[in-house]
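Here's the structure we're looking at; comments come further down.
Keep in mind it's a predicted model, so treat the numbers as computed, not measured.
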Amino acid sequence: MESRMTEGRPLTLMLKFMVPLLFGNVFQQLYNMVDTIIVGRYVGPDALAAVGATGTIFFLIMGICNGMASGFTVLTSQKYGAGDDEGTRDSFTNGIMLSVILLVVMTVLTLSIMHPILTLMNTPANIYDDSYSYISTICMGLFSIVGFNLFSAFLRAIGNSRTPLIALICSATLNIILDLVFIVVFKMGVSGAAWATNISQAVSAIICIVYIYKKVAVLKPGIRNWRFKRECVRKQLGIGVPMALQFGITASGTMVMQTAVNQFGSMAVTGFTAAGKVQNLLTSGMMSIGQTCTAYAGQNFGKRDLERVHQGTKDAMKISLVYSVAAGAICIPLLPNLMQIFFESGVDITPYLEWARPYIYMCVVTYIGLCMIFVYRHTVQGCGYGFVSMLLGFMELAARLATAGLSMYLGSYYLAAAADPAAWASTGIFAFVLYLIVRKRMLNTQAAIRTDESEV
């Protein structure tokens with residue numbers, strides 16, 4: 001069910017909204033983890049490395065597509081918060097049509113440039129073919145993967161975080177079954193894992209679409225809504241394009257980081273990949289907090305309640321601090337156990353742990369910086385300031401480029417592993433400063449509007 005977040009205690013509302021999101025994002029990460037676990041156990045360590053070597057490419061592609069699609073839904077949140085039902089439906093249909101155009105372009109583009117990208121990233125020869133097979137198959141299924149993220153984002157925009165969770169649970173269950181069938185029974189290798197992801201994501205997208213058309217009147221469009229509205233397109237592109245660029249810029253930095261790791265061989269890539277999957281699972285909570293901030297800020301900004309937006313931001317940081325400490329406390333002692341699930345029983349993971357530990361340990365101590373990025377970036381995005389995303393993306397890129405570049409120059413794996421932590425620490429501080437600047441600007445704009453209204 002939809003929920004208006006413009007009334008009630010912010011902390012309570014955000015926690016209620018966030019919990020389903022957290023479970024949903026965990027299931028989303030389990031999608032990727034199950035692929036990796038089954039590939040590692042039933043195909044082998046080289047296949048595990050092949051999937052891992054494409055992780056940053058996948059992050060780049062999905063970041064651009066989902067960043068743009070998520071940007072399209074911010075206007076929906078604002079219209080819903082303002083009580084404009086017709087505007088909510090217009091933003092819904094315009095967002096869908098813009099996303100279809102984007103996906104056609106991205107599918108053709110990614111399939112045409114994949115070989116050069118893998119070569120440029122120094123992908124080890126023994127895993128090159130499997131890497132290409134996996135990522136090219138994923139690109140063929142962009143419509144299903146982005147489709148779910150788009151429609152779940154529309155539901156979150158109107159305060160519904162439960163339905164996407166249900167869809168993800170169904171999808172994750174199907175993904176596990178298909179992984180086993182395609183990889184274990186039909187021996188399809190890494191491409192089987194990719195097809196399992198594509199099909200299961202398509203099912204979750206269909207669940208969201210059916211729910212919207214049957215249960216969500218405020219999003220159910222009429223024929224008159226299925227045409228481009230100039231104002232909607234302008235605002236959605238104005239938010240979506242900077243968000244897509246931010247994800248693209250950030251992903252470019254992670255690709256450079258992966259390139260730096262690749263120079264140390266397939267064993268390093270395998271250990272780093274397994275550690276990265278653990279890392280992604282633990283940081284799902286931070287992503288959930290960020291998504292909550294987008295919906296909360298969007299609705300309250302639409303109602304012009306900036307003080308309530310600020311209170312929500314403070315509450316989100318309190319939640320983030322607690323979560324960061326808990327995640328680090330879980331990760332460090334349990335890392336060997338978490339790593340073991342990616343390997344066949346009896347495999348000695350000690351050599352792989354030597355590559356995983358430096359990355360995980362450095363990440364844990366900079367979790368609060370990552371939380372600051374999620375909270376402040378998503379808050380200003382919800383208020384329509386998409387350009388901030390782009391600035392933060394450049395900051396992350398600069399930090400990763402500097403650290404990974406030094407790693408390749410000096411031949412130091414520790415510097416390669418420090419690329420993410422360096423980006424989080426520096427960009428987290430930058431995000432806080434930008435948030436204060438944007439908040440001051442919004443308050444000044446609101447004061448000027450109120451002055452003009454009182455004079456009239």
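- Between S136 and L111 the shortest side-chain heavy-atom distance falls below 4.5 Å.
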Item to check | side-chain contact (heavy atoms from CB on, under 4.5 Å) between L434 and V380, intermediate numbers included | outcome: CA-CA 9 Å; L434 284 180; V380 296; over 6 Å; no
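- Residue L21 holds its CG atom at 4.5 Å from OG1 of T292, rounded to the nearest 0.5 Å.
- Closest non-hydrogen pair, D179 versus A193, comes out as OD1-CA, 3.4 Å.
- Between I138 and T197 there is a side-chain heavy-atom pair separated by less than 4.5 Å.
- Panel note: side chain Q381, backbone G71; no donor-acceptor pair is recorded below 3.5 Å.
- Side-chain contact check for M97 versus V233: every heavy-atom pair is 4.5 Å or farther apart.
- Using a 4.5 Å heavy-atom threshold, the side chains of R377 and Y435 count as separate.
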Next on the checklist: As a quick check of understanding, evaluate side-chain contact (heavy atoms from CB on, under 4.5 Å) for I319 and M18, giving each step before the final call.
Outcome noted: CA-CA 10 Å; I319 298 170; M18 189 193 80; 4.0 Å; yes
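- When every heavy atom of A422 is checked against every heavy atom of T403, the shortest pair comes out as CB-OG1, 3.6 Å.
- Here the closest non-hydrogen pair linking S77 and A295 is OG-O, 3.3 Å.
- By the 6.0 Å contact criterion, OH on Y323 is enclosed, its count of non-hydrogen atoms from other residues, nucleotides or ligands being greater than 12.
- Between W355 and F264, the ring planes are tilted. Angles from 30° to 60° get that label.
- Using a distance-only test at 3.5 Å, with no hydrogens or angles considered, no donor-acceptor pair links the side chain of T427 to the main chain of W424.
- When side chains are defined from C-beta on, C65 counts as touching L103, because their heavy atoms get closer than 4.5 Å.
- Rounding to the nearest 0.5 Å gives a distance of 10.0 Å between CG of L102 and CG of L237.
- For the pair M114/I57, a side-chain contact is recorded, criterion being any heavy-atom separation below 4.5 Å from C-beta on.
- Shown here for C170 and I207, the closest heavy-atom pair between the two residues is CB-CD1, 3.9 Å.
- In this structure the side chain of Q236 reaches within 4.5 angstrom of the side chain of L98, judged on heavy atoms.
- Of all the heavy atoms in M286 and L370, the pair that sits closest is SD-CD2, 3.5 Å.
- Side-chain N/O atoms of Y367 and Q279 include a donor and acceptor closer than 3.5 Å.
- Separation of atoms SG (C139) and CZ (F58) is listed at 9.0 Å; rounding is to 0.5 Å.
- Proximity of a side-chain donor or acceptor of S288 to a complementary backbone N or O of S284 within less than 3.5 Å is detected.
- For OH of Y128, the number of neighbouring non-hydrogen atoms (other residues, nucleotides, ligands) closer than 6.0 Å is greater than 12.
- Atom SG of residue C293 and atom CE of residue M317 lie 9.5 Å apart, to the nearest 0.5 angstrom.
- In terms of heavy atoms, T259 sits closest to L120 at CG2-O, 4.4 Å.
- A tilted orientation is assigned to the rings of F151 and F154, their planes being inclined by 30° to 60°.
- Panel note: side chain N300, backbone M5; a donor-acceptor pair is recorded below 3.5 Å.
- Remark: the backbone N or O of V104 is not paired with any side-chain donor or acceptor of T107 at under 3.5 angstrom.
- Atom CG of L150 and atom CG of L155 lie 10.0 Å apart (nearest 0.5 Å).
- You'll find the side chain of Q263 stays beyond 4.5 Å of the side chain of N122, heavy atoms only.
- Looking at S161, its side chain does come within 3.5 Å of a backbone N or O of F17 through a donor-acceptor pair.
- Looking only at distances, a side-chain donor or acceptor of T313 sits under 3.5 Å from a matching main-chain atom of V309.
- Between the side chains of H378 and Y296, no donor-acceptor pair of N or O atoms lies under 3.5 Å.
- Y359 pairs by the ring-ring contact (aromatic ring centres under 6.0 Å, His included) definition with F272, not counting sequence neighbours.
- Of the possible donor and acceptor atoms, one in the side chain of N198 sits under 3.5 Å from a partner among the backbone N and O of T137.
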Checklist entry - Can you check side-chain contact (heavy atoms from CB on, under 4.5 Å) on D130 and D46, steps first, answer last? => result CA-CA 9 Å; D130 276 347; D46 281 352; 5.9 Å; no
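- Within the 3.5 Å criterion, the main-chain N or O of T283 finds no donor-acceptor partner in the side chain of N280.
- Other residues, nucleotides and ligands contribute more than 12 heavy atoms inside 6.0 Å of the OH atom of Y361.
- Between the side chains of S91 and N94, no donor-acceptor pair is found at a separation under 3.5 Å.
- For F182 and W195, the distance between ring centers is not under 6.0 angstrom.
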Next on the checklist: If you apply the rule side-chain contact (heavy atoms from CB on, under 4.5 Å), what do you find for V438 with C383, and how did you get there?
Outcome noted: CA-CA 10 Å; V438 170; C383 295; 5.9 Å; no
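- If you take CD on E354 and CE on M267, they are separated by 11.0 Å, rounding to the nearest 0.5 Å.
- Between F432 and Y376, the two ring planes are tilted [angle within 30° to 60°].
- Not one N or O on the side chain of S407 forms a donor-acceptor pair closer than 3.5 Å with the backbone of L415.
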